[in-house]
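Notes follow once the structure below has been shown.
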Amino acid sequence: MGRLVMKFGGTSVANIERIRNVARHVKREVDAGHDVAVVVSAMSGKTNELVDWCRDASPLHDAREYDAVVASGEQVTSGLLAIVLQGMGIQARSWQGWQIPIVTSDAHASARILEIDGSEIMNRFADRKEVAVIAGFQGINPQTNRITTLGRGGSDTSAVAIAAAIRADRCDIYTDVDGVYTTDPRVVPKAKRLDKIAFEDMLELASLGAKVLQVRSVELGMVHNMPVFVRSSFDKPEDIDPHGTPPGTLICSEEEIMESHVVTGIAFSKDEAQISLRQIQDKPGVAAAIFGPLADANINVDMIVQNVSEDGKATDLTFTVPASDYNRARDTITSSKDKIGYARLDSATDVSKVSVIGSGMRSHAGVAAKAFKALAERNINIRAITTSEIKFSVLIDAAYTELAVRTLHTLYGLDQA
Ligand code: ADP
Ligand code: ASP
Ligand code: MG
């Protein structure tokens with residue numbers, strides 16, 4: 001007998017029929033003798049609709065009210081799943097974030113989980129084998145007593161945090177793909193499913209655009225050394241061998257991975273914007289004059305490229321910001337124009353970032369150089385490059401994203417045979 005967290009994403013709870021299917025998965029684990037806490041997302045498309053409603057109501061809405069609205073999708077699915085489970089004769093009770101409570105910071109729309117009291121859920125496991133059905137994505141800030149949400153995709157984080165709080169043996173993330181692939185299988189049909197991936201590699205994949213798991217959930221998994229297993233909710237519960245290993249991907253510590261490849265996977269993000277400042281002065285203090293105000297405005301700058309000036313006087317500087325911060329970033333720079341001193345601001349929003357990830361890069365040279373050559377052969381122009389120990393990223397025209405991802409996927413031998 002063990003203790004499990006089972007998380008189901010939006011497509012897995014998209015309608016009552018799918019919720020019944022989820023309930024059968026839960027029953028399978030209960031019948032096998034496990035204590036189960038389930039975390040659910042809103043029905044697919046629901047959170048987008050709620051976000052749009054807030055924007056329609058007022059483009060500059062109060063973030064506390066945004067959270068009050070967008071947290072409602074998960075309230076509905078948690079209640080519905082509890083009803084269906086009860087109908088199947090399983091003891092079940094729904095929980096909103098505030099009822100547990102899942103205590104978070106007060107950063108509305110991107111709150112961080114600070115603490116979870118799992119004691120009542122565990123008491124109910126012991127007393128009456130009651131399944132806890134928990135609304136993902138939401139929590140409460142104790143100072144303000146207000147509902148908070150954890151940022152898009154946040155139910156993954158709810159699930160891993162709850163798994164840590166109730167000391168679960170494993171956190172199963174059921175989704176609409178049967179695991180983590182070498183790249184998004186919807187873009188590259190030849191992508192391969194990984195049996196295992198190290199937390200470090202998954203963290204990079206997620207933060208560089210693979211939305212299969214929210215970044216924070218991977219961080220929590222790593223911190224608590226909680227095994228996270230990504231698998232499909234579309235497998236028929238009846239067909240699953242209770243003693244076999246189902247298809248899926250285990251996210252675990254690096255030591256547990258026997259065979260390692262130089263490149264683990266490829267991620268991409270179209271949520272990028274590029275800003276170039278032409279003919280800035282090549283002198284001390286200019287970078288501070290540019291990036292200081294951006295930091296003050298809470299804008300994350302990602303890639304930075306500065307040309308070396310030939311005459312020691314003027315140079316160009318290019319950087320990227322998330323597309324959602326583009327307007328604010330441009331306004332911030334233009335309002336400091338006199339202080340920075342530049343001739344022209346050029347920008348592009350139709351750019352994307354393609355990243356190659358692999359902890360094996362630590363000990364292999366020339367991995368990135370191969371990519372630059374392959375992209376050049378496809379006539380794909382690289383606008384900016386960043387590298388770190390276990391990944392590198394290139395900024396390219398968005399129109400070439402799929403071609404670049406497929407090219408690199410083949411180049412590093414990741415294609416399925
Ligand atoms: P859920 O609603 O279950 O949380 P998401 O839509 O958030 O599901 O995440 C699953 C999706 O992530 C998949 O449908 C897939 O298109 C996408 N994805 C992106 N990169 C990868 C990858 N490397 N492996 C698997 N899925 C990926
Ligand atoms: N429903 C939320 C979203 O769509 C949280 C989640 O699904 O993980 O972002
Ligand atoms: Mg998700």
Side-chain angles (χ1 to χ4, degrees), residues 6-14 18 22 25 39-52 66-67 69-78 97 109-111 113 134-139 148-162 171-195 197 201-218 228-234 247-249 251 263-271 354-358 401-402 405 408-409 414 416:
M6 306 172 75
K7 181 258 170 178
F8 294 89
T11 27
S12 311
V13 293
R18 297 242 176 107
V22 164
H25 276 291
V39 174
V40 284
S41 291
M43 291 180 178
S44 65
K46 191 69 209 173
T47 310
N48 286 345
E49 182 181 51
L50 296 168
V51 170
D52 287 348
Y66 165 95
D67 276 352
V69 174
V70 301
S72 65
E74 276 72 10
Q75 175 158 351
V76 172
T77 45
S78 56
S110 58
I113 297 178
I134 300 162
F137 184 48
Q138 49 163 280
T148 53
T149 64
L150 309 177
R152 298 306 306 271
S155 297
D156 299 324
T157 301
S158 310
V160 179
I162 286 159
C171 180
D172 281 349
I173 305 279
Y174 288 80
T175 182
D176 56 6
V177 278
D178 61 358
V180 177
Y181 281 69
T182 44
T183 192
D184 190 339
R186 298 190 198 287
V187 171
V188 181
K190 284 184 189 160
K192 263 191 299 213
R193 190 182 63 224
L194 300 160
D195 289 336
I197 180 171
D201 289 40
M202 189 64 230
L203 198 57
E204 294 288 355
L205 266 181
S207 40
L208 294 165
K211 71 164 189 165
V212 59
L213 286 175
Q214 200 197 33
V215 178
R216 183 76 187 127
S217 71
V218 187
V228 176
F229 188 59
V230 178
R231 56 189 294 186
S232 169
S233 71
F234 296 139
T249 303
I251 300 146
V263 171
T264 310
I266 294 169
F268 56 90
S269 157
K270 295 184 181 172
D271 174 37
V354 175
S355 308
V356 175
I357 294 123
T401 313
E402 280 79 13
V405 172
L408 298 179
H409 198 267
L414 300 175
Q416 230 175 57

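Whatever order the structure lists them in is the order used to number ligands and atoms, beginning at 1. Source: prediction; values computed, not measured.
Of the protein's non-hydrogen atoms, Asp184 OD1, 3.4 Å is the one closest to atom 15 (C) of ligand 1. Summary of contacts: the protein heavy atom closest to atom 2 (O) of ligand 1 is Gly10 N, 3.1 Å.
No side-chain heavy atom of Thr157 sits under 4.5 Å from any side-chain heavy atom of Phe137. Asp178 is listed as a side-chain neighbour of Arg193, based on a closest heavy-atom distance under 4.5 Å. Between Val263 and Leu414 the shortest side-chain heavy-atom distance falls below 4.5 Å. Contact annotation: the side chain of Thr182 never approaches that of Thr264 to less than 4.5 Å [non-hydrogen atoms, C-beta and beyond]. When side chains are defined from C-beta on, Ser158 does not count as touching Lys7, because their heavy atoms never get closer than 4.5 Å. Side-chain contact between Arg231 and Pro247 is absent, with no heavy atoms from C-beta onward closer than 4.5 Å. When side chains are defined from C-beta on, Val215 does not count as touching Ser217, because their heavy atoms never get closer than 4.5 Å. Looking only at side-chain heavy atoms (C-beta outward), Gln138 and Leu150 stay at 4.5 Å or farther from each other.
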Ligand-protein N/O pairs under 3.5 Å (ligand 2):
| from | atom 1 | to | atom 2 | distance (Å) |
| --- | --- | --- | --- | --- |
| ligand 2 | 1 (N) | Thr47 | OG1 | 2.8 |
| ligand 2 | 1 (N) | Glu74 | OE2 | 2.7 |
| ligand 2 | 4 (O) | Thr47 | OG1 | 3.4 |
| ligand 2 | 4 (O) | Arg152 | NH2 | 2.9 |
| ligand 2 | 7 (O) | Ser41 | OG | 3.0 |
| ligand 2 | 8 (O) | Gly153 | O | 3.4 |
| ligand 2 | 8 (O) | Gly154 | N | 3.4 |
| ligand 2 | 8 (O) | Ser155 | N | 3.0 |
| ligand 2 | 8 (O) | Ser155 | OG | 3.2 |
| ligand 2 | 9 (O) | Arg152 | NE | 2.6 |
| ligand 2 | 9 (O) | Arg152 | NH2 | 3.4 |
| ligand 2 | 9 (O) | Gly153 | N | 2.8 |

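Within ligand 1, the atoms closer than 4.0 Å to a non-hydrogen atom of Tyr181 are 22 (C), 23 (N), 24 (N), 25 (C), numbered from 1 in the order shown. The ligand atoms of ligand 1 that sit less than 4.0 angstrom from a heavy atom of Thr175 are 1 (P), 3 (O), 8 (O), 10 (C). Remark: ligand 1 atoms within the under-4.0 Å shell around heavy atoms of Lys211 are 6 (O), 7 (O), 9 (O), 12 (O), 19 (C).
Remark: Glu402 engages Lys270 in a salt bridge, criterion side-chain N to carboxylate O under 4.0 Å. The existence of a salt bridge linking Asp176 and Arg186 is confirmed by a sub-4.0 Å separation between a basic side-chain nitrogen and an acidic carboxylate oxygen.
The nearest non-hydrogen atom to atom 12 (O) of ligand 1, considering only Thr249, Ile266, Val212, comes from Val212.
Expressed to the nearest 0.5 Å, how far CD1 of Ile113 lies from CZ of Arg216 amounts to 8.0 Å.
Under a 4.0 Å heavy-atom criterion, Pro185 is in contact with ligand 1. Remark: distances from the non-hydrogen atoms of Gly179 to ligand 1 include one below 4.0 Å. Within the 4.0 Å heavy-atom shell around ligand 1 one does not find Leu205. Judged by the shortest distance from any of its heavy atoms, Arg152 lies outside the 4.0 Å radius around the atoms of ligand 1.
Note: an N/O pair closer than 3.5 Å links Asp176 and ligand 1 by distance alone. At least one N/O-N/O distance between Lys7 and ligand 1 falls below 3.5 Å. Considering backbone and side-chain N/O atoms, Asp156 never comes within less than 3.5 Å of an N/O atom of ligand 1.
Sparse packing is recorded around NZ of Lys190, with 12 or fewer heavy atoms of other residues, nucleotides or ligands lying under 6.0 Å away.
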